[in-house]
Amino acid sequence: MSTASVSTDAVGSAGRGAGGVLAVAVLRRIGVFVLTVLVASLVVFALLNVLPGDVARAQLGMNASDADVAQFRAEHGLDRPLPVQYLGWITGFLTGDMGTSYSSRTPVALQVFDALQVSLILVGAGILIAVLIALPLGTLAAVRQNRPDGALLSALSQVGIAVPNFLAGLLLISIFAVGLGWLPSGGWTAPAEGFGDFLRQLTLPALALGLVRGAILSRYTRAAVLEVMREDFMRTARAKGLMPAAALRRHGLRNALVPVVTVTSVEFSALVIGAVVIETVFVIPGLGSLLMRAVDNRDLIQVQAIVMCVVVLVLLVNLLVDITRTLIDPRLRSTR
Amino acid sequence: MRNPHRHPLAAALALGALGLTACSAGSEDGADSAGPAQDASVSIGLAAVPANLDYTTTGGAAIFEALLYNVYEGLVRLDDDGEVQPLLAESWEISEDGTEYTFTLRDDVTFHDGTPFDAEIVKFSLERLDEWTANTPDNLAAIDSVEVESPTEATVVLSEPDYDALYWLAGPLGTMFAPDSVDDLASEANGTGPFTFESYENAVQLDLARNEDYWAEPAGVAEASLVYYSDAAAAANALRTDGVDAVLRAEAYDQVESFEGDERFEVSIGDTQSVVVLPMNNDHPQLSDPQVREAISLAIDKEAVLAAAASGHGTVLGGPSVPTDPYYADYSEERSHDPAAARQLLEEAGVEDLNLTFTVPNRPYAEAIAQVVQDDLGEIGISVELETQEFPAVWVERTMTDQDYDLTVVSHVEPRNMISYDDPDYYWGYDSAEASEHFSEARAATDDADYAEAMEAAADQVVEDAPGVWLYNSPNIVISGEGVDGLPQNDLGVGMDLSEITVNQ
């Protein structure tokens with residue numbers, strides 16, 4: 001870490017007090033967030049517009065005439081210069097108007113919002129499962145690192161890491177849906193429309209997401225717990241006569257949790273990406289399915305909106321975690 | 001070991017289950033235990049997803065497959081054998097010179113929103129074909145105007161005779177629209193058909209409900225849902241796990257056998273309009289030689305192609321027509337696999353070291369075909385480089401529109417697509433005065449025999465010139481679960497009629 005920033009912050013904290021330092025730290029992080037979003041929007045727009053494939057022809061079909069194609073381009077402003085198109089899009093996006101989908105002819109914002117709700121439920125369930133798996137198993141693997149069962153847990157998590165999400169999905173489908181017939185192989189019912197169906201349909205995709213992420217997260221948990229067990233305060237606790245397990249429970253786990261929470265937030269973006277894949281495997285009408293269709297149709301305005309929403313979402317979660325950690329751990333205010 | 005069936009809990013559970021079955025059986029007896037259930041619903045898995053509901057401005061067959069004959073109707077329709085039958089028109093007469101079609105309309109038809117159907121609607125709908133930007137409105141370009149003779153009589157006036165006019169009127173282009181509904185075609189569907197449009201959610205599920213006020217026999221099910229699976233295996237899984245009741249236009253060819261072996265399902269294989277063809281760029285310096293094209297045609301083992309692309313289901317073709325066309329002729333014998341003859345043709349043409357680029361749409365059937373073709377052409381000394389292109393976005397632009405390719409392969413699903421060999425601007429670069437003359441004769445024909453004869457002559461000419469290699473006619477695979485009957489067996493490139501489906505429950 002740079003010493004310069006430490007000294008600036010140190011000087012600042014002398015002048016403005018702890019509250020001021022905190023505010024500056026938070027503001028700086030928000031500034032970085034806004035800047036990142038803007039840069040990302042430029043990159044997304046530029047990348048999508050160099051993508052080969054004509055929007056109008058993809059919409060109108062194989063036998064469209066040149067005149068119809070030209071008319072489509074004019075109607076949708078695709079004949080304007082790229083910078084003009086970008087400005088129109090980004091100002092609209094910032095005010096919540098994401099444009100009208102070329103393929104469905106409905107407001108993009110509405111579709112994205114509907115799909116986002118579905119994806120967030122899926123991602124949330126995935127995180128929950130991942131954490132429920134990772135915390136106990138990771139801790140156990142650390143505590144029992146020199147015993148066969150600890151080694152087995154480590155090996156299992158290694159295997160879990162190596163399995164791609166879609167493969168986990170297909171395996172779960174072939175075992176629990178097609179083979180045993182316990183759960184449906186796909187589909188989606190909104191919780192309000194039928195909670196039982198919702199849970200049954202959510203289980204396999206959430207597991208497909210959560211098992212893989214859980215395996216990864218349990219590696220981090222194991223490492224964090226091992227790290228903590230070597231700390232001085234743990235040695236002190238044990239010297240005072242606490243059994244290792246009790247020492248870990250009372251003092252260790254809370255400390256081990258800090259890096260785990262950080263990693264979980266980083267894993268959030270991986271979960272969102274994983275959800276995109278899982279949705280297409282399980283025919284779930286979330287952002288992932290919407291994105292695949294939009295790409296097929298060259299519905300660029302929709303692709304842009306979806307990608308930007310995911311970018312903003314991931315950055316937002318990182319921002320929140322950053323700010324929360326800054327609030328919790330005073331050390332972070334000056335070391336960055 | 002204890003027998004689990006002896007366990008008291010197991011016994012109690014079994015009794016309970018029996019009781020439940022008895023109860024439900026009893027309640028069903030009260031309704032209708034034998035025949036189809038009137039209040040039944042059916043859900044059908046499909047592959048091609050409609051982008052929206054407006055097939056007048058959006059390409060792709062998925063939209064009118066779902067809506068035509070179900071929500072929307074035209075003056076005439078195709079039956080499952082591909083014959084033109086009356087629909088909203090009870091009968092029609094064609095003037096001797098073939099330029100005036102006078103339709104007598106039903107007088108008991110209303111749109112779902114209450115708008116009455118009459119000759120003014122016919123005029124409005126058919127004269128609106130100018131507004132269509134998708135799904136080949138040019139096929140009805142011969143329509144000049146529509147005269148309203150009376151509320152129940154309309155005359156369609158053609159600028160020149162077109163024998164195919166009735167056929168195209170039976171498809172999406174002949175759809176009758178209520179004038180007040182055309183601003184909303186992308187998101188609402190108001191027709192005269194046996195089903196009303198209910199909802200289309202997130203490009204995943206399209207729901208239809210029985211139109212209780214339908215002018216003819218009401219639909220066999222109260223509700224029909226079309227569920228779209230982008231992955232063929234996902235659709236098959238849904239069928240196996242009761243996610244859907246049937247799958248139409250199934251693309252999981254490799255799973256047909258396992259469904260056939262499963263008594264819970266019924267598999268039938270019908271016809272489609274699709275011609276899977278390997279177009280050769282006739283403007284390419286060496287491919288402009290018909291001898292070279294014929295050599296390529298003879299070098300390809302079409303049975304092997306069919307096996308690789310569709311697990312052997314479907315019909316091997318040798319020409320541009322399909323078995324359901326009235327002018328179909330089987331050319332597969334004269335174009336059968338003959339590498340020796342192919343080599344000889346190449347030698348006669350004086351072609352050596354031919355390197356071709358094969359632009360392959362990223363669809364499973366196309367990628368499978370490309371591999372076989374690459375091997376087969378390698379056998380006769382033509383080296384083929386494969387280049388995958390995203391379909392439709394990239395392929396339609398580069399290969400089809402810009403005609404920037406040597407070889408490609410694609411499934412042309414639009415019905416009677418043989419007439420595209422009459423278009424010198426089409427992407428295979430085929431321009432034959434002889435063929436065009438036959439096509440013109442066919443259009444001007446006024447009776448079935450003359451028409452078929454002219455079309456057969458056109459096909460002969462096209463096959464001789466070999467602008468492409470006709471590989472196979474795709475199968476229409478229909479897989480239904482128990483109790484589901486009346487599914488449309490053939491894919492005729494028009495609507496997918498769901499009104500005769502019944503479900504025993």
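Quick caveat, the model's predicted, so the values are computed rather than measured. So you know, we letter chains A, B, ... as the sequences are listed, proteins then strands, and number each from 1.
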Peer 1: Using a 4.5 angstrom heavy-atom cutoff, name the option from Pro285(A), Ser289(A), Gly286(A) with the most pairs to chain B.
Peer 2: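 Most heavy-atom pairs within the cutoff with chain B belong to Pro285(A).
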Peer 1: With a strict 4.5 Å heavy-atom criterion, list every residue of residues 66-102 of chain A that contacts chain B, or say none.
Peer 2: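 Residues Asp68(A), Gln71(A) are the ones that qualify, each having a heavy atom under 4.5 Å from chain B.
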Peer 1: Looking at Val283(A) and Tyr229(B), what are the two nearest heavy atoms and their distance?
Peer 2: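 Taking Val283(A) first and Tyr229(B) second, the nearest heavy atoms are CG2-CD2, 3.3 Å.
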Peer 1: Where on Asp138(B) is there a heavy atom nearer than 4.5 Å to chain A: the side chain, the backbone, both, or neither?
Peer 2: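 The answer is neither part of Asp138(B).
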Peer 1: Without placing hydrogens or testing angles, list every side-chain donor-acceptor pair under 3.5 Å for residues 169-191 of chain A, not counting sequence neighbours.
Peer 2:
residue, atom, partner, partner atom, Å
Ser174(A), OG, Leu170(A), O, 3.4
Ser174(A), OG, Leu171(A), O, 3.0
Ser185(A), OG, Thr241(B), OG1, 3.2
Thr189(A), OG1, Gln201(A), OE1, 2.8

Peer 1: Taking the side chain as every heavy atom from C-beta outward, state whether Leu53(B) and Arg105(A) have any pair of such atoms under 4.5 Å apart.
Peer 2: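 Side chain of Leu53(B) against side chain of Arg105(A), heavy atoms only: no contact under 4.5 Å found.
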Peer 1: Which of the residues Met400(B), Glu201(B), Arg240(B), Gln389(B) is involved in the greatest number of heavy-atom pairs with chain A at under 4.5 angstrom?
Peer 2: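 Most pairs with chain A among the choices: Met400(B).
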Peer 1: For atom CD of Glu257(B), decide whether the heavy atoms of other residues, nucleotides or ligands shown that lie under 6.0 angstrom number more than 12.
Peer 2: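 Not buried by this count: 12 neighbours or fewer within 6.0 Å.
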Peer 1: For Val204(B), is it the side chain, the backbone, both or neither that has a heavy atom under 4.5 Å from a heavy atom of chain A?
Peer 2: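 For Val204(B), heavy atoms of backbone and side chain both lie under 4.5 Å from chain A.
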Peer 1: Taking only residues two or more places apart in sequence or in another chain, which ones pass salt bridge (Lys or Arg N to Asp or Glu O under 4.0 Å) with Arg128(B)?
Peer 2: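 Result, salt bridge (Lys or Arg N to Asp or Glu O under 4.0 Å) vs Arg128(B): none returned.
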Peer 1: Check the pair Glu390(B), Val295(A) against side chain to side chain contact (heavy atoms under 4.5 Å, CB included), reporting the backbone distance first and the verdict last.
Peer 2: CA-CA 10 Å; Glu390(B) 203 189 334; Val295(A) 170; 4.0 Å; yes
Peer 1: Which region of Asp296(A), side chain (C-beta onward) or backbone (N, CA, C, O), has a non-hydrogen atom less than 4.5 Å from a non-hydrogen atom of chain B, or is it both or neither?
Peer 2: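 Looking at Asp296(A), backbone and side chain both touch chain B.
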Peer 1: Looking at Val49(B), Val396(B), Asp231(B), which one has more heavy-atom pairs under 4.5 Å with chain A than the rest?
Peer 2: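 With the most close heavy-atom pairs to chain A, the winner is Val49(B).
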Peer 1: Measure across Ser104(A) and Ala186(B) and return the closest heavy-atom pair with its distance rounded to 0.1 Å.
Peer 2: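 The answer is O-CB, 4.3 Å.
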Peer 1: List for me each residue that meets side chain to side chain contact (heavy atoms under 4.5 Å, CB included) alongside Glu414(B), sequence neighbours excluded, and say none if there are none.
Peer 2: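 For Glu414(B) the side chain to side chain contact (heavy atoms under 4.5 Å, CB included) partners, ignoring immediate neighbours, are Asn63(A), His412(B), Asn417(B), Tyr426(B).
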